[in-house]
Amino acid sequence: MSDTLIGFAYGGVTLFLMFAGVPIAFALGATAVLFMLFFMPTSSLDTVTQNVYEEMASITLLSIPLFILKGVAIGRSRAGQDLYSALHVWLGRVPGGLGVANVLACGVFAAMAGSSPATCSAIGGAGIPEMRKFGYSPGLAAGIIAAGGTLGILLPPSITMILYAVAAQVSLGRLFLAGVGPGLLLLTLFAAYAVYKYSAEARQEKVAANASAAARRPLLAFTFREKMGALPRILPFVILLIGVMIALYGGYATPSETAGLGAVLALLLIAMIYGIWTPRELRPILSATLRESTMLMLIIGMSLLFSYVMSYLHISQSAAMWMVSLHLSRWLLLAGILMIVVVLGFFLPPVSIILMIAPIILPPLKADGFDLIWFGVVMTIVMEMGLIHPPVGLNIFVIKSIAPDIRLRELVFGILPFVVLMLLAVVMLCVWPEIVTWLPKAVMG
Amino acid sequence: MDVSEAGEAATVVRWANRALARINAVMTTLGMCALVAASLVLTHSVITRYVLGYATDWQDTIAVFCLVGAVFLSSAHVQSIGGHIAIEALAEILPPRINRIRRVMVLWCSFAFCAFFAWKSWTLTYEAWTEGYRLASSFSPPLSIPYFMMSVGMTLLTVQIFLQAIARRPPPPALEAPTRPVGNV
C-alpha cells in the first residue's frame with residue numbers, strides 16, 4: 001500500500017471515528033493503535049503507553065493545567081465584574097466608552113485567565129446587560145464580548161501557543177511576546193468599531209425618535225473621587241499580570257515555573273480580596289481545573305501519539321512533499337493552509353488542530369521562508385475566528401447562555417463584523433509582519 | 001437469563017457503580033491536592049533559586065509526577081460526567097433508535113481502546129518495577145511511580161466506560177463540542 005493510500009485511510013478512519021462521536025482523545029489514540037497494528041512492527045504496540053507518557057511528561061506541556069488553574073481561579077471570583085466596573089468608571093464619558101471598557105476588560109481578563117469562554121462569561125455577565133441598558137443593540141453588545149473573549153488564546157500566557165511552541169519547536173517566550181502586538185491591534189480594531197457602531201446606532205435612533213433616543217443614551221459622569229476609588233479594584237489584576245510577566249521575561253522563572261507561580265498568586269489574590277480560601281470554596285475551582293485539564297491533556301497525549309504514527313508511516317512527510325510539489329506562490333500556500341485551519345476549526349478544538357496538522361503544514365511553510373513564530377500568531381487569530389463563527393463558535397454558545405433573550409440571528413449578525421476585523425488584522429500582519437516580530441526581537445534579541 | 005439472574009446482575013452493576021463513584025471521588029481529591037502541590041513546588045523552585053540563592057533539580061520532576069497523576073487518576077471521573085469532548089453532530093441528524101445504537105457503539109469502541117491502553121500501561125509498570133527503570137537525572141526517581149498512576153487511572157477509566165456501556169447509558173452530553181469548555185485550547 002502506498003504512503004498516499006495509507007494517508008487517506010488514516011485520515012478517513014480518524015474522521016469516521018470522530019464524527020461517529022467517539023471522544024476526540026480516544027478517536028485519535030484508537031486510530032493510531034489500529035494503524036500500528038496493521039502497518040508497523042508488532043513490537044511498536046508495546047511502546048504505545050511509553051510514547052504517550054514521554055510526550056506528555058514534558059514540563060512545558062504540563063504547565064497547561066497550572067495556567068488553567070490560574071484562569072479558573074480568576075474566572076470563578078468576582079474579579080471580572082470588578083475589572084469591568086473600574087474600567088466603566090474611567091471610560092463612561094467617552095461616546096461608546098462603555099463598549100471600549102468592555103473590550104479592554106475582555107483583553108485584560110483574557111490575559112489573566114487565558115480562556116475565551118471564561119472571559120466571555122466573566123465580563124459579558126455584567127457587561128452585556130449594562131451595554132443594553134445604555135442603548136447598545138443586543139447584537140453589538142454580544143459581538144463586543146464574543147470578540148473580546150477570543151483574545152484569551154492570543155494574549156500570553158496562551159495554552160494554544162504553548163502547544164504550537166511544542167509542535168513547531170519554537171521559543172515559547174518569543175511566541176508569547178509575539179502575540180502581544182497583534183493582541184493590541186485587535187483590541188484597537190474592536191474598540192474603534194465599538195465606538196463607530198455605537199455612534200451610528202445613536203444617529204439612526206436620533207433620526208427615528210429625537211429626544212427619547214438621546215435620553216436612552218446618556219453619557220455617564222463620574223467624579224474624580226469615584227474614578228480614584230475604582231483604581232484599587234484594578235490593582236490586583238495589574239499585580240498579577242505584571243508579576244507573571246516579570247517572572248517570565250526577567251529570567252526569574254521558566255514558563256512552567258511561571259505557570260505554578262501564577263496559579264499560587266491567583267489563589268492568594270482571590271483569598272485575600274474575595275475571601276475564597278476554605279476547602280469548600282476552593283473545591284469547585286480545583287474540580288473545574290481538573291476536568292478541563294484531564295480532557296485537554298488526554299487529547300494532547302493522544303494527538304502526539306497520532307502524529308508519531310503519522311510520521312512513522314511517512315504520511316506527514318508525503319503530504320508535506322505533495323504541498324511543496326504544487327509550486328504554489330507563498331501567499332497562495334498560506335491562504336490554502338489557513339482555509340484548512342478554518343474548516344477544521346468548525347469541528348475541532350485548537351489543541352487538536354495544531355498537533356494534528358503541524359507536522360504536515362510547517363515544513364512547506366518553512367521551505368517557503370515563513371517565520372514560524374509569525375505563522376503561529378496568524379494561525380492563532382484564524383483559530384480565534386473559529387470561536388465566534390458558526391457552525392460551532394464556542395463563544396456564541398457562551399453568550400447565548402448568559403443572554404438567552406438575544407436571538408441567535410441578532411447574535412450572529414452582531415459578531416460577523418468582528419470576524420471581518422480579524423480577517424483585516426490577518427491581512428495587516430501579512431503586510432506588516434513587524435507587528436508580530438518587533439517585540440520579541442526588542443526584548444529577547 | 002431469567003428474571004432473578006437479571007435482578008442479581010442489575011444489583012452487581014449498581015454496587016459496582018457506587019463503588020466506582022466512591023473511588024473516583026477519592027482520586028479526584030488526590031488530583032486536586034496534586035494540582036496545588038505542583039503549583040507550590042514550582043513556586044518553591046523560584047523562591048529557593050532567587051531568594052535563598054541555591055538551585056535544586058527535583059521540583060520539575062515532582063511537578064510532572066503530580067500533574068501526570070492528577071490527569072490520569074481523574075480521567076474516570078471526567079468520563080462519568082461527560083467531560084471527554086466529542087463531535088456530536090450526528091446526534092442531531094440520526095433517528096433516536098439509530099442514535100442510541102451509535103452511542104453504545106461509541107462506548108464499546110472507547111472501551112476497547114482504553115482497555116488496550118490500560119493493559120499496556122500495566123505491562124510497562126511491571127517492566128519498570130522489575131527492571132528498576134529510573135529517570136535520567138541526579139534526582140532519578142523510579143519511573144514505576146508515574147507509570148503506576150497511569151495504569152490505575154486508565155484501568156478506572158476502562159471500568160467506568162464498561163459500566164456505562166453495559167448499562168447502555170452514555171455519559172451526559174454536558175461538554176460536547178458546541179459547549180466545549182476550552183477555547184484556549
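Protein chains get the first letters and strands the later ones, always in sequence-line order, with residue 1 at the start of each.
Proximity of a side-chain donor or acceptor of A:E281 to a complementary backbone N or O of A:W277 within less than 3.5 Å is detected. Distance alone, capped at 3.5 Å, places no donor-acceptor pair between the B:K120 side chain and the A:T47 backbone. No donor-acceptor distance shorter than 3.5 angstrom exists from the side chain of A:S58 to the backbone of A:E54, with no hydrogens or angles considered. No donor-acceptor pair closer than 3.5 Å links the side chain of A:T294 to the backbone N or O of A:R291. The backbone N or O of B:S140 sits less than 3.5 Å from a side-chain atom of B:R134, completing a donor-acceptor pair. For A:S158 (side chain) and A:M161 (main-chain N/O), a donor-acceptor pair under 3.5 Å exists by modelled atom type. Although no hydrogens or angles enter the test, the distance criterion places a donor-acceptor pair under 3.5 Å between the side chain of B:S121 and the main chain of B:F117.
By number of non-hydrogen pairs under 4.5 angstrom with chain B, the leading residue of A:M383, A:Q50, A:M297, A:E384 is A:Q50. When A:S401, A:G262, A:G260, A:G71 are compared by the number of non-hydrogen pairs under 4.5 Å with chain B, A:G260 comes out ahead. Interface remark: of the candidates A:V52, A:I354, A:L17, A:V52 forms the most heavy-atom pairs closer than 4.5 Å to chain B. Ranked by heavy-atom pairs shorter than 4.5 Å toward chain B, the options A:V33, A:L261, A:I59 are led by A:I59. Among A:G301, A:A27, A:P23, the residue with the largest count of heavy-atom pairs under 4.5 Å with chain B is A:P23. Your options are A:S287, A:C120, A:A263, and the one with the most heavy-atom pairs under 4.5 Å with chain B is A:S287.
Only the side chain of A:M56 comes within less than 4.5 Å of a heavy atom of chain B; its backbone N, CA, C and O stay farther away. In this structure, chain A has a heavy atom under 4.5 Å from the side chain of B:I161, while its backbone stays farther away. For chain B, the nearby part of A:I299 is the side chain; its heavy atoms alone come within less than 4.5 Å. B:S75 touches chain A through backbone and side chain together, each having a heavy atom under 4.5 Å away. Residue B:V36 touches chain A through its side chain alone, counting heavy-atom pairs closer than 4.5 Å. Residue contact with chain A, scored on non-hydrogen atoms closer than 4.5 Å, involves the side chain of B:C114 exclusively. Within the 4.5 angstrom heavy-atom criterion, atoms from both the backbone and the side chain of A:L62 approach chain B. For a residue to count as touching a neighbouring chain, one of its non-hydrogen atoms must lie under 4.5 Å from one of that chain's; by this rule B:M32 touches chain A with backbone and side chain alike. For B:L124, the part lying near chain A is the side chain, with the backbone staying farther off; criterion is any non-hydrogen pair under 4.5 Å. Neither the backbone nor the side chain of B:L73 comes within contact range of chain A; no heavy atoms are under 4.5 Å apart. Of the atoms belonging to B:L157, it is side-chain heavy atoms, and not backbone ones, that fall under 4.5 Å from chain A.
Within the 4.5 Å cutoff, the side chain of A:F26 has no heavy atoms near those of the A:M18 side chain.
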| task | Just do the side-chain contact (heavy atoms from CB on, under 4.5 Å) check on B:W129 and B:Y147 with the steps written out, would you? | result | CA-CA 9 Å; B:W129 175 260; B:Y147 292 164; over 6 Å; no

| message | Quick one, A:L151 with A:F109, criterion side-chain contact (heavy atoms from CB on, under 4.5 Å). Give me CA distance, side-chain angles, the key distance, then yes/no. | response | CA-CA 9 Å; A:L151 294 166; A:F109 193 87; over 6 Å; no

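Not a single salt bridge (Lys or Arg N to Asp or Glu O under 4.0 Å) links B:R14 to another residue, sequence neighbours left out.
Side-chain contact of B:W119 with B:T158: a donor-acceptor pair under 3.5 Å is absent, judged by distance alone. Looking only at atom types and distance, the side chain of B:S45 has a donor-acceptor partner in the side chain of A:E257 under 3.5 Å away.
To the nearest 0.5 angstrom, A:I24 atom CD1 is 13.5 Å from A:M302 atom CE.
Heavy-atom neighbours of chain A within the stretch residues 58-68 of chain B, taken at a separation under 4.5 angstrom, comprise B:D60, B:A63, B:V64, B:F65, B:L67, B:V68.
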